[in-house]
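Computed over heavy atoms, backbone and side chain alike; hydrogens, waters and symmetry mates excluded. For this chain, numbers begin at 1 and follow the sequence in order.
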Amino acid sequence: MGVPTIHQIKAETNRLRGALGSRDANALLRCYSELAARNPLLEGRTSSTKPARRAFLDNIEAWDEVLQEWILVPGGDPDLLKELTVAEGGEFRFRHLLLMPVWLSAVGS
């Protein structure tokens with residue numbers, strides 16, 4: 001998959017924030033699948049415009065909100081955390097979220 005357009009990233013971010021707002025675990029897992037299909041390091045390195053970098057940064061911030069306000073809070077959703085940390089195809093799914101600091105440096109935050 002190539003680098004997504006600004007509109008695609010904004011739409012993904014909106015879906016992610018919608019999942020957070022409604023606490024819809026299935027919608028969140030679909031968002032995670034979209035995230036896993038992307039190459040955020042390539043995105044960060046090839047985003048030459050300020051609006052593109054802002055769109056990627058907004059997406060990263062939305063994932064941080066999901067983690068801080070839903071998944072990792074005391075009394076958060078243990079089933080969702082388990083779903084995101086179970087190995088899939090030999091890789092831990094949560095690794096995409098653990099790459100956020102690398103993405104932030106790539107997009108110049």
Side-chain angles (χ1 to χ4, degrees):
M1 176 180 198
V3 176
T5 67
I6 294 172
H7 298 294
Q8 289 170 321
I9 292 298
K10 286 182 177 183
E12 184 179 312
T13 301
N14 289 336
R15 286 190 296 276
L16 180 57
R17 289 205 165 113
L20 172 61
S22 64
R23 297 296 196 266
D24 183 342
N26 289 326
L28 180 68
L29 292 173
R30 286 191 299 275
C31 290
Y32 188 82
S33 292
E34 292 176 9
L35 174 69
R38 293 173 26 212
N39 184 341
L41 292 178
L42 176 65
E43 294 165 4
R45 291 182 183 136
T46 59
S47 300
S48 59
T49 67
K50 190 171 183 173
R53 290 179 184 275
R54 180 78 247 167
F56 290 121
L57 185 57
D58 287 346
N59 186 261
I60 292 167
E61 289 172 348
W63 275 109
D64 185 58
E65 290 169 20
V66 166
L67 290 172
Q68 300 299 323
E69 298 174 17
W70 182 4
I71 296 174
L72 299 177
V73 296
D77 189 330
D79 292 331
L80 188 53
L81 181 59
K82 181 179 177 184
E83 179 72 24
L84 285 172
T85 55
V86 168
E88 179 180 87
E91 296 181 352
F92 288 100
R93 296 175 71 187
F94 208 64
R95 74 181 178 82
H96 299 285
L97 300 177
L98 296 174
L99 285 172
M100 275 193 225
V102 178
W103 300 345
L104 289 172
S105 68
V107 297
S109 173

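Atom CH2 in W63 sits 5.5 Å away from atom CG in L35 (nearest 0.5 Å). Note that CD1 of I9 is 9.5 Å distant from CD1 of I60, once rounded to the nearest 0.5 Å. Annotation: the span from L28 atom CG to S33 atom OG amounts to 9.5 Å, rounded to 0.5 Å.
Among all heavy-atom pairs drawn from T13 and A55, the shortest one is OG1-O, 4.3 Å.
Contacts classified as salt bridge (charged side-chain N to carboxylate O under 4.0 Å, His left out) and involving residues 6-21 (residues at least two apart or in different chains) are given here: E12-R38, R15-E34, R17-E65.
When the salt bridge (Lys or Arg N to Asp or Glu O under 4.0 Å) test is applied to R23, no partner is found at least two apart in sequence or on another chain. In this structure D58 satisfies the side-chain hydrogen bond (donor to acceptor under 3.5 Å, both in side chains) test together with R54, sequence neighbours excluded.
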Extract all donor-acceptor atom pairs below 3.5 Å that involve side chains of residues 67-82 and protein atoms in other chains or at least two apart in sequence.
from: D77; atom 1: OD1; to: D79; atom 2: N; distance (Å): 3.1
from: D77; atom 1: OD1; to: L80; atom 2: N; distance (Å): 2.9

